[in-house]
Amino acid sequence: MTLDRAAGLAATARALAAGEVSSRALVAGTLSRIEAAQGSLNAFRIVRAEAALAEAEAADRELSAGVRRPLLGVPVAVKDDMDVAGEPTAFGCQGEFPPVPEDGEAVRRLRAAGAVIVGKTNTCEFGQWPFTEGPAFGDTRNPWATDRTPGGSSGGSAAAVAAGLVPAALGSDGAGSVRIPAAWTHLVGIKPQRGRVSTWPRGESFHGITVNGTLARTVADAALLLDAASGNHPRDPHRPLPLEVSAAVGRDPGRLRIALSLKPPFTAVSARLDAQVRARVVDLADRLAASGHLVEEADPPYGQIGLTFVPRATAGIAERVREAPDPRLLDRRTHGAARLGRLLGGVPLRAARRAEAVMHRRIGAFFEAYDVVLAPTTAGPPPRIGAMRDLGGLATDRAMIAVCPYAWPWNVLGWPGVNVPAGFVAGGLPVGAQLLGPANSEPLLVSLAAQLEAELRWHERWPAERTVADSATP
């Protein structure tokens with residue numbers, strides 16, 4: 001039996017457990033699709049062909065012996081900021097990076113669930129920008145329109161899932177880096193509560209603003225991968241109580257109070273919501289209202305939250321630059337961010353960390369009146385490949401904030417958010433909307449996202465690039 005790649009993560013796991021297909025056949029087909037699409041999409045930095053086939057054969061032996069694990073034999077991909085034993089972790093950079101000796105905690109947990117890691121996906125340098133391009137690997141392209149970026153920094157994972165190369169993938173989100181590419185490639189992207197998925201061997205990544213999350217075509221698949229990757233290393237500083245997020249899929253969320261927030265949080269750069277994106281998000285709000293939810297326009301009291309983001313982000317860049325094997329190969333904009341991070345890494349960074357508790361109380365009070373915030377994920381559709389390539393540091397920041405002003409506050413707060421597909425704008429370009437909640441609200445957000453998905457059935461639409469993936473099916 002040949003399993004249609006549209007089956008998704010959960011259906012693939014069920015077919016393997018039922019003996020309808022072998023892991024080796026699935027992984028071989030996945031590797032063929034990756035190879036066929038690499039020239040057009042360039043989603044992968046590393047493809048683990050030989051190792052993945054060996055792991056698939058081991059999974060088949062377990063399946064034949066009656067062993068059952070949630071993802072046993074299922075091929076998945078992870079972003080190249082995550083450690084996979086025996087592979088380098090270059091995080092979008094040029095240079096010779098040594099192979100790491102062991103898996104990071106999130107990858108270890110995926111393996112414990114039985115997943116086969118077929119490769120590591122492309123990301124921009126240290127995950128700084130909402131595009132996935134760079135001299136280390138070239139341009140990663142959007143399956144819906146290959147002259148456009150899939151977003152960033154988890155653009156390789158998003159492109160791989162959107163094109164049907166893998167059923168789901170891990171990404172990371174430090175300022176929207178899961179949600180933005182999910183929006184621009186018509187996927188579900190879950191940014192979980194800080195600490196839900198370990199970032200070990202870094203207890204805190206970028207001083208707590210970056211978390212690991214999931215990308216998939218359906219809410220159920222994104223939640224299944226999240227559950228498989230969730231859990232903590234014994235030395236993790238953030239350890240939220242365990243949740244089974246998949247159990248919320250199909251659960252009635254009840255009648256919710258939803259705040260439609262269309263105003264961008266305060267930044268030093270002006271940002272304007274594209275009229276077509278606004279219309280798609282308002283359409284979702286109308287759908288939610290028609291389903292019985294109370295929806296009204298209201299904005300969380302963000303205040304000067306941006307002042308607390310910059311020290312954490314730039315101090316994190318400064319740390320990564322110090323660790324790079326050859327800093328001379330890094331982008332000039334990376335060096336500029338690192339210089340700022342060295343200036344802000346003392347008193348300003350400590351003040352930014354202390355301010356988080358104040359913001360939790362202030363914005364947390366907003367959730368006494370509302371259960372969920374619905375907001376645009378981005379202010380516009382995906383930019384063209386190369387649109388920000390030759391800009392200086394300040395110009396890049398201005399362009400980035402103008403198109404992506406909505407996602408980063410939830411990274412400062414450390415709370416969950418879910419991107420859901422919101423439809424398409426001119427040129428057939430996908431856009432998305434965020435469902436945002438307070439601490440540990442993943443089950444509520446997932447149940448609401450699944451309710452929308454059941455009506456809109458966004459997973460049934462595929463980009464034309466899928467024909468490339470189909471042509472490689474053995």
Side-chain angles (χ1 to χ4, degrees), residues 1-16 20-57 59-60 71 73-80 84 87 110 114-123 132 137-146 148 150 154-171 181-182 185-188 214-218 221-222 225 430 459-474:
M1 172 185 176
T2 299
L3 191 67
D4 189 333
R5 62 214 43 82
L9 193 73
T12 300
R14 288 194 295 269
L16 283 162
E20 297 170 0
V21 66
S22 72
S23 178
R24 196 189 193 287
L26 280 177
V27 170
T30 297
L31 294 170
S32 294
R33 292 193 298 274
I34 291 170
E35 182 180 7
Q38 190 67 1
S40 57
L41 297 183
N42 189 26
F44 282 83
R45 181 75 182 262
I46 294 170
V47 179
R48 304 179 66 248
E50 185 176 346
L53 288 170
E55 291 167 15
E57 290 169 357
D60 284 332
L71 297 179
V74 180
V76 300
V78 302
K79 183 178 177 180
D80 191 29
V84 175
E87 308 291 350
L110 282 186
V116 176
I117 312 298
V118 295
K120 303 185 74 178
T121 56
N122 278 324
T123 175
T132 301
F137 58 87
D139 302 331
T140 297
R141 297 178 179 272
N142 194 321
W144 292 91
T146 54
R148 303 281 174 153
S154 304
S157 288
V161 176
L165 308 184
V166 290
L170 284 187
T185 59
H186 197 65
L187 298 177
V188 176
T214 60
L215 296 111
R217 299 190 58 80
T218 68
D221 284 351
L225 190 64
H459 55 285
E460 295 178 354
R461 292 195 63 172
W462 286 84
E465 185 63 33
R466 186 182 175 218
T467 58
V468 174
D470 283 342
S471 69
T473 302

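What you see below is based on every heavy atom in this structure, not just the backbone, and it leaves out hydrogens, waters and symmetry mates. Just so it is clear, the structure is predicted and the values come from calculations on it, not from any experiment.
Two residues are said to be in side-chain contact when any heavy atoms from C-beta on lie closer than 4.5 Å; Leu16 and Val21 meet this criterion. A heavy-atom distance below 4.5 Å is found between the side chains of Val161 and Arg217. Side-chain contact between Leu225 and Leu110 is present, with heavy atoms from C-beta onward closer than 4.5 Å.
The residue from Pro463, Pro430, Ser40 that alone fulfils the side chain to side chain contact (heavy atoms under 4.5 Å, CB included) condition with Pro143 is Pro463. Only one option out of Val116, Asp60, Val74 pairs with Val27 in a side chain to side chain contact (heavy atoms under 4.5 Å, CB included); it is Val116.
Here the straight-line distance linking atom CG of Asp139 with atom OG1 of Thr146 works out to 11.0 Å at 0.5 Å rounding. Note that CG of Leu170 is 10.5 Å distant from NZ of Lys79, once rounded to the nearest 0.5 Å. The distance from the CD atom of Glu50 to the CD atom of Glu55 is 11.0 Å, given to the nearest 0.5 Å.
Thr185 places no side-chain N or O within 3.5 Å of a backbone atom of Ala159 that could act as its donor or acceptor partner. Side chain of Asp80 to main chain of Lys120: no donor-acceptor pair is present (N/O by atom type, distance under 3.5 Å, no hydrogens or angles).
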Given Ile117 and Val76, is the side-chain contact (heavy atoms from CB on, under 4.5 Å) satisfied, shown in steps?
CA-CA 5 Å; Ile117 312 298; Val76 300; 3.8 Å; yes
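Judged as a side-chain hydrogen bond (donor to acceptor under 3.5 Å, both in side chains), and not counting sequence neighbours, Glu35 has no contacts.
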